[in-house]
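In what follows, a single structure is set out as structure tokens and then discussed.
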Amino acid sequence: MTHVDRRVRLAILERFAETGEAPTAADVAAAIGEYEGVVAEAYSRLADARLLVLGTGTRDIWMAHPFSAVPTGFRVETERGSSYANCVWDALGIPAMLGTDARIETTCADCGESLELRVRGGDLEPLDWVAHFAVPAARWWDDIGHT
């Protein structure tokens, strides 16, 4: 990863943390004082390194783990705002990344019941639930949009 790639990745994550939305290459270019074409090339390298997922045939960010650019079944509320995560694993990653408390809204994949998880002081509440991952982690990137 190049110095530009690191700056681009940080700007992307900062934008998600601030607004809950994915920045365009033009947004990132303005934020870091770089040419848009240079940022777009960094987007491609970051996607190749599995640090971003771009929309099919575009340079639009779909995922910048742990954030999702599209609404999902994992809404995360923190003192900094609201964002979406790609899965429960990523939903727990957002408060960990930001070092803050969070409320996570989701539903049970088995029965459809609404669920609310809370992270307070780095601890997960409730502690008696189980997260089930239908696809082993080693296979997530076989179809990252499905897992």
Side-chain angles (χ1 to χ4, degrees), residues 1-107 109 114-127 129 131-147:
M1 187 174 353
T2 70
H3 177 68
V4 169
D5 295 349
R6 283 189 289 279
R7 290 175 52 221
V8 166
R9 184 171 184 232
L10 180 59
I12 290 167
L13 294 173
E14 286 175 342
R15 174 67 173 262
F16 266 112
E18 290 170 10
T19 68
E21 298 177 357
T24 65
D27 295 333
V28 172
I32 68 171
E34 191 57 78
Y35 292 107
E36 185 176 343
V38 171
V39 171
E41 290 171 4
Y43 272 34
S44 294
R45 286 190 301 274
L46 292 169
D48 290 344
R50 297 183 172 175
L51 297 170
L52 288 181
V53 179
L54 301 176
T56 305
T58 73
R59 290 237 171 99
D60 297 332
I61 297 171
W62 178 17
M63 300 176 196
H65 301 290
F67 297 101
S68 173
V70 298
T72 68
F74 301 93
R75 185 176 176 95
V76 181
E77 298 281 341
T78 72
E79 63 187 22
R80 294 181 71 171
S82 176
S83 56
Y84 287 99
N86 303 293
C87 62
V88 71
W89 186 265
D90 285 347
L92 295 170
I94 291 173
M97 174 190 280
L98 300 177
T100 189
D101 295 347
R103 183 172 57 89
I104 300 163
E105 299 171 359
T106 190
T107 57
S114 292
L115 301 174
E116 182 178 288
L117 299 122
R118 289 195 177 267
V119 176
R120 293 182 198 191
D123 292 327
L124 177 62
E125 301 170 358
L127 297 176
W129 291 1
H132 174 74
F133 298 91
V135 178
R139 307 262 338 256
W140 288 353
W141 281 94
D142 292 351
D143 183 359
I144 195 64
H146 169 72
T147 55

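Atoms considered below: every heavy atom in the structure, side chains included; atoms not considered: hydrogens, waters and symmetry mates.
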- Output the distance between atom CG (L92) and atom CD1 (I104), rounded to the nearest 0.5 Å. 4.5 Å

- Query: About how many Å separate CG of L98 and CZ of F16, when rounded to the nearest 0.5 Å?
  - Reply: 12.5 Å

- Item | W62 and V70, any side-chain heavy atoms less than 4.5 Å apart | yes

- Message: Return the CZ to CD distance between R103 and E125, rounded to the nearest 0.5 Å.
- Response: 13.5 Å

- Message: Any non-hydrogen side-chain atom of L51 less than 4.5 Å from a side-chain atom of M1?
- Response: yes

- Task: Before giving the answer on side-chain contact (heavy atoms from CB on, under 4.5 Å), spell out for V53 and H65 the whole-Å C-alpha distance, their side-chain angles and the decisive distance to 0.1 Å.
- Result: CA-CA 9 Å; V53 179; H65 301 290; 4.0 Å; yes

- Message: So does F74 get a backbone contact from the side chain of T106, meaning a donor-acceptor N/O pair under 3.5 Å?
- Response: no

- Note on the structure: Residues pairing under salt bridge (Lys or Arg N to Asp or Glu O under 4.0 Å) where one sits in residues 12-29, two or more places apart or in two chains, turn out to be R15-D27

- Taking the side chain as C-beta and beyond, is there a heavy-atom pair between V28 and E34 under 4.5 Å? no

- Query: Is the closest side-chain heavy-atom distance between S83 and I94 below 4.5 Å?
  - Reply: yes

- Minimum-distance pair of heavy atoms, taken over all atoms of A22 and A69: CB-CB, 3.7 Å

- Message: If I compare all heavy atoms of P23 with all of I12, which pair ends up nearest, and what's the gap?
- Response: CG-CA, 3.8 Å

- Interatomic distance, I32 atom CD1 to R7 atom CZ [nearest 0.5 angstrom]: 4.5 Å

- Task: Mark yes or no for whether Y43, through its side chain, and V8, through its backbone, hold a donor-acceptor pair below 3.5 Å.
- Result: no

- Note on the structure: Residues pairing under salt bridge (Lys or Arg N to Asp or Glu O under 4.0 Å) where one sits in residues 43-72, two or more places apart or in two chains, turn out to be D5-R45

- Item | Interatomic distance, E105 atom CD to L117 atom CG [nearest 0.5 angstrom] | 10.5 Å

- Task: Kindly give the heavy-atom pair with the smallest separation between S114 and T107, and that separation in Å.
- Result: CA-CG2, 4.2 Å

- Message: Could you go through D101 and T78, starting from their C-alpha distance and side-chain angles, then the distance that decides it, and tell me whether this counts as side-chain contact (heavy atoms from CB on, under 4.5 Å)?
- Response: CA-CA 6 Å; D101 295 347; T78 72; over 6 Å; no

- Query: Any donor and acceptor pair, going by atom type alone, linking the side chain of S82 with main-chain N or O of E77 inside 3.5 Å?
  - Reply: no

- Query: Looking at P66 and G93, what are the two nearest heavy atoms and their distance?
  - Reply: CG-C, 4.0 Å

- Message: Measuring only between side-chain heavy atoms, which start at C-beta, is V4 closer than 4.5 Å to V38?
- Response: yes

